[in-house]
Number of protein chains: 2
Amino acid sequence: METELDQRVHAELMDARNDRECAISRTLQVLDGKWTTLIVRELLAGPLRFTELRAGIGPVSAKTLTDRLRALEHQGIITRTIYPEVPPRVVYELTEQGLSLRNVLHAMLRWGRTNPA
Amino acid sequence: METELDQRVHAELMDARNDRECAISRTLQVLDGKWTTLIVRELLAGPLRFTELRAGIGPVSAKTLTDRLRALEHQGIITRTIYPEVPPRVVYELTEQGLSLRNVLHAMLRWGRTNPA
DNA sequence: CGGTATCCAGCCTGATACTG
DNA sequence: CAGTATCAGGCTGGATACCG
């Protein structure tokens, strides 16, 4: 009963090989970098501040985290909102497009669970 | 009607944040490197030789391709079979574990299709 | 708090030459 | 054909210092 679905999935993946610029490559471009995917994972929980984000994803430098956040922002995956308070507060949040990456992350999660190191 | 599924997916992803070694990180480890995901994509079509693989994924050097193939082999994602002919023939093929990455690649494919550059 | 600026090390990757 | 060996470079990411 899973066969039909599997066949369709397989056919789609085979088509992908013929794309000049494979759609998979497009996704890889967005999730590029050592920390990007984990940033998205954190933000799936809801909007987060810079420091909260940093605490959640592991030992990343401020420079790198900033770089990745800027890249995601420019690609329309996240928004950056500044609240001009004292001390300043900056909140990052997934856009609709960013939220839709949930399916990719979920597939990764399931694979990792099923195939422990 | 999609809400229940979405809620379950979301709950799973939230759990993932609490994993000491997040299962997502595990997947990222396997699909590490600039070319690895594309190698898997190619092999989803079936067993391939070194040169065929190289032609399919783009401008990758022999050294890098060898490195990535060895890494995938050591992780149990692919097998490497040598046919001692003249000229020699070496065939790479996904293991069961490797095949199961199809779901991850498919999620990436769909996201890339839905969100063009 | 949430960055920026600068410098730098390491690693991934590639180019080239060569081999069983 | 399917690599290996070697060398070299670019880019990512980290350390440190400092700012609004």
Side-chain angles (χ1 to χ4, degrees), chain A residues 21-22 24-43 45-75 77-94, chain B residues 22 24-25 27-43 45-75 77-94:
Chain A
E21 261 313 304
C22 175
I24 291 177
S25 301
R26 158 77 178 139
T27 306
L28 292 175
Q29 239 169 48
V30 171
L31 295 182
D32 184 48
K34 189 171 168 182
W35 303 101
T36 306
T37 305
L38 298 181
I39 292 172
V40 174
R41 183 197 67 188
E42 287 303 303
L43 290 179
L48 288 174
R49 302 174 64 174
F50 187 85
T51 307
E52 295 169 331
L53 209 37
R54 195 173 177 188
I57 68 179
V60 60
S61 67
K63 173 184 171 295
T64 299
L65 183 53
T66 302
D67 288 350
R68 294 295 106 208
L69 289 172
R70 292 291 182 279
L72 287 172
E73 191 187 357
H74 290 144
Q75 292 176 111
I77 305 299
I78 65 174
T79 58
R80 178 173 182 266
T81 309
I82 307 171
Y83 297 90
E85 308 167 355
V86 179
R89 190 160 61 93
V90 178
V91 173
Y92 296 91
E93 184 169 10
L94 290 173
Chain B
C22 174
I24 291 178
S25 301
T27 306
L28 291 175
Q29 241 170 47
V30 170
L31 294 182
D32 183 49
K34 189 171 167 182
W35 303 101
T36 307
T37 305
L38 298 180
I39 292 172
V40 174
R41 184 197 66 188
E42 286 303 303
L43 291 178
L48 288 174
R49 303 174 63 174
F50 187 85
T51 307
E52 295 169 331
L53 208 38
R54 195 174 176 188
I57 69 179
V60 60
S61 68
K63 174 180 172 299
T64 299
L65 182 53
T66 302
D67 289 350
R68 294 296 105 209
L69 288 171
R70 292 291 182 279
L72 288 172
E73 191 186 355
H74 291 143
Q75 289 172 311
I77 305 299
I78 65 174
T79 58
R80 178 171 181 268
T81 311
I82 307 171
Y83 297 91
E85 309 168 353
V86 179
R89 191 159 61 93
V90 179
V91 172
Y92 296 91
E93 186 170 8
L94 290 173

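Within every chain, numbering begins at 1; the chains are lettered A, B, ... in the order of the sequence lines, protein sequences first and strands thereafter. For the numbers below, each heavy atom of this structure counts, side chains included, while hydrogens, waters and symmetry mates do not.
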Whole-Å distance separating the [atom1] atom of [X] from the [atom2] atom of [N]:
{"X": "A:Leu53", "N": "C:dC1", "atom1": "CG", "atom2": "P", "value": "15 Å"}
{"X": "B:Leu65", "N": "C:dC12", "atom1": "CG", "atom2": "P", "value": "16 Å"}
{"X": "A:Ile82", "N": "C:dT4", "atom1": "CD1", "atom2": "C1'", "value": "14 Å"}
{"X": "A:Glu85", "N": "C:dG3", "atom1": "CD", "atom2": "P", "value": "14 Å"}
{"X": "A:Lys63", "N": "C:dT4", "atom1": "NZ", "atom2": "C1'", "value": "11 Å"}

Among the nucleotides C:dC1, C:dG14, C:dT6, which one has an atom lying closest to any side-chain atom of A:Pro88?
C:dC1
From the options C:dT13, C:dG3, C:dC7, select the nucleotide whose nearest atom is closest to the side chain of A:Ala62.
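The nucleotide sitting nearest to the side chain is C:dG3.
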Atom CG of A:Leu94 and atom CG of A:Leu72: how far apart are they, to the nearest 0.5 Å?
8.5 Å
Distance check, rounded to the nearest 0.5 Å: A:Leu31 atom CG versus A:Arg26 atom CZ?
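That separation rounds to 10.0 Å.
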Sorted by number, the residues of residues 66-74 of chain B with heavy-atom contact under 4.0 Å to DNA chain C
B:Arg68
Within the pair A:Arg80 and C:dG3, is there a side-chain N or O less than 4.0 Å away from OP1 or OP2?
yes
Positional range of nucleotides in DNA chain D within the contact set of chain B, heavy-atom, under 4.0 Å
D:dC1 to D:dT6
Counting any heavy atom closer than 4.0 Å, what does [X] reach on the DNA or RNA strands: base, sugar-phosphate only, or nothing?
{"X": "B:Val86", "result": "nothing"}
{"X": "A:Lys34", "result": "sugar-phosphate"}
{"X": "B:Tyr92", "result": "sugar-phosphate"}

